[in-house]
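Working notes for the structure below.
Just so you know, ligand 1 is whichever comes first in the structure, and atom 1 is the first atom listed for that ligand. Side chains are part of it too, since the values below use all heavy atoms of this structure and drop only hydrogens, waters and symmetry mates.
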Amino acid sequence: MAVEQKNISMVRTEQLVKRFGDNVVLNGVDFQVERGQVVAVIGPSGSGKTTMLRCLNHLEKIDGGRIYIDGQHLGYREQNGRLIEDSEANIARMRSQIGFVFQRFNLFAHKTALENVIEAPIQVLRRPKGEVVELAHNLLAKVGLAEKANSYPHKLSGGQQQRVAIARALAMNPKLMLFDEATSALDPELVGEVLGVMRQLAEEGMTMVVVTHEMGFARDVADHVVFMADAQIVEQGPPEQIFDDCQNERTRKFIGRVT
Ligand code: ADP
């Protein structure tokens, strides 16, 4: 069983389709992430990157195709050979194993950093408060915010808020972390501290999907880079290939513009 599990991709989508009205935003996307891999998703604005990431956490319902997280069908299950929507409880359970870091932090404004971090493990996982508080202190220390446990979000810089958001996601002990342009709402001088935490997580072996405009991060930290344009994956490969030796003209133009 353990050996078998190792061969299952952490994320696999098959012919993923998502529409908003008549706008086809994901047009048959096959996307894969292996255990322990860091995948950077890059591409022009409007190409579907964020939507794909949101689909992987069931923040968006898909219109076609399939998503498997760690081998399990997300959002649907088979019954008598037909696909039907999965129960709320099953979907919630799968979602609780996936950390999502938003562009705009999304902290609870009326809770301290510590209270933000302990909320889900207590409310969702029903873990004992003492244990979760200790975990939260450790996680805040890990993201360099040991001193800020009792601060409210409005007293923290954007970079600090985003690091609290990362600690909050980690408190659920996720098997997969999704980052949606986690640094693009930050002042330039605060970007590095958040990328530093993300880099550390990557080095520790966390499985990560990172939608980003930070090409330096994608080149240095990602194991695999996916270039999206017009609702599809146009090209993918190791960073050296995408940044130095891409095969597709659209990729070449994009990389030429942003690096
Ligand atoms: P990217 O992350 O690559 O910039 P997005 O996934 O944000 O691209 O957007 C892809 C397309 O989907 C865009 O045309 C965008 O306008 C559209 N879109 C995204 N979210 C919504 C929504 N909630 N309702 C309608 N259209 C949306």
Side-chain angles (χ1 to χ4, degrees), residues 10-33 37-69 74-75 85 91 95 98-106 158 162 165-166 169 176-188 191 194-195 198 207-219 221-237 239 241-243 246 248-259:
M10 184 59 83
V11 176
R12 188 159 60 87
T13 77
E14 284 174 3
Q15 291 299 300
L16 190 57
V17 174
K18 175 69 188 172
R19 297 184 204 95
F20 291 110
D22 291 340
N23 190 6
V24 180
V25 176
L26 297 173
N27 192 5
V29 172
D30 293 333
F31 176 74
Q32 201 157 321
V33 182
Q37 210 178 27
V38 178
V39 176
V41 183
I42 63 172
S45 183
S47 54
K49 305 181 299 294
T50 288
T51 302
M52 180 174 77
L53 202 69
R54 290 171 62 84
C55 288
L56 298 182
N57 195 25
H58 206 67
L59 284 165
E60 302 287 353
K61 272 194 188 171
I62 63 177
D63 295 301
R66 293 176 184 212
I67 299 174
Y68 298 94
I69 303 290
L74 176 70
E85 266 191 52
I91 293 173
R95 292 190 65 200
I98 305 171
F100 198 100
V101 177
F102 295 87
Q103 186 176 351
R104 296 205 169 269
F105 333 135
N106 290 14
Q162 193 59 300
I166 293 172
L176 169 67
M177 286 283 285
L178 308 176
F179 293 87
D180 184 17
E181 297 185 17
T183 58
S184 45
L186 298 176
D187 291 336
V191 167
V194 174
L195 291 181
M198 292 167 64
T207 309
M208 298 165 54
V209 182
V210 182
V211 171
T212 189
H213 294 296
E214 294 290 335
M215 295 302 140
F217 182 87
R219 184 192 271 273
V221 181
D223 302 299
H224 190 80
V225 178
V226 169
F227 172 69
M228 287 184 75
D230 289 341
Q232 282 174 326
I233 293 177
V234 170
E235 187 166 1
Q236 57 182 314
Q241 180 193 318
I242 299 298
F243 289 106
C246 57
N248 185 284
E249 186 55 29
R250 292 206 63 176
T251 320
R252 203 183 337 269
K253 277 199 179 134
F254 177 78
I255 298 290
R257 254 200 337 264
V258 295
T259 54

Which segment of [X] sits under 4.0 Å of ligand 1 when only heavy atoms are counted:
X	answer
A231	neither
N23	side chain
V25	side chain

| said: Among all protein heavy atoms in this structure, tell me which lies nearest to atom 2 (O) of ligand 1, with the distance rounded to 0.1 Å. | reply: T50 N, 2.8 Å
| message | Could you identify the single nearest non-hydrogen protein atom to atom 4 (O) of ligand 1 and state the distance to 0.1 Å? | response | G46 N, 2.7 Å
Suppose I only count heavy atoms of [X] and a 4.0 Å limit; which atoms of ligand 1 are within that range?
X	result
S47	1 (P), 3 (O), 8 (O)
S45	4 (O)
P44	3 (O)

| message | Under 4.0 Å from atom 16 (O) of ligand 1, is there at least one protein heavy atom? | response | no
| query | Considering all protein heavy atoms, does one lie under 4.0 Å from atom 11 (C) of ligand 1? | reply | yes
Quick one: does [X] get an N or O within less than 3.5 Å of an N or O on ligand 1?
X	value
F20	no
E60	no
E181	no

| said: For G21, state whether at least one heavy atom is located under 4.0 Å from any atom of ligand 1. | reply: no
| query | Contact between G43 and ligand 1, counting heavy atoms under 4.0 Å? | reply | no
| task | Examine distances only and state if a side-chain atom of R95 and a backbone atom of N57 form a donor-acceptor pair shorter than 3.5 Å. | result | yes
| field | Shortest reach to atom 6 (O) of ligand 1 by a heavy atom, considering only D230, L53, T51, V24 | value | T51
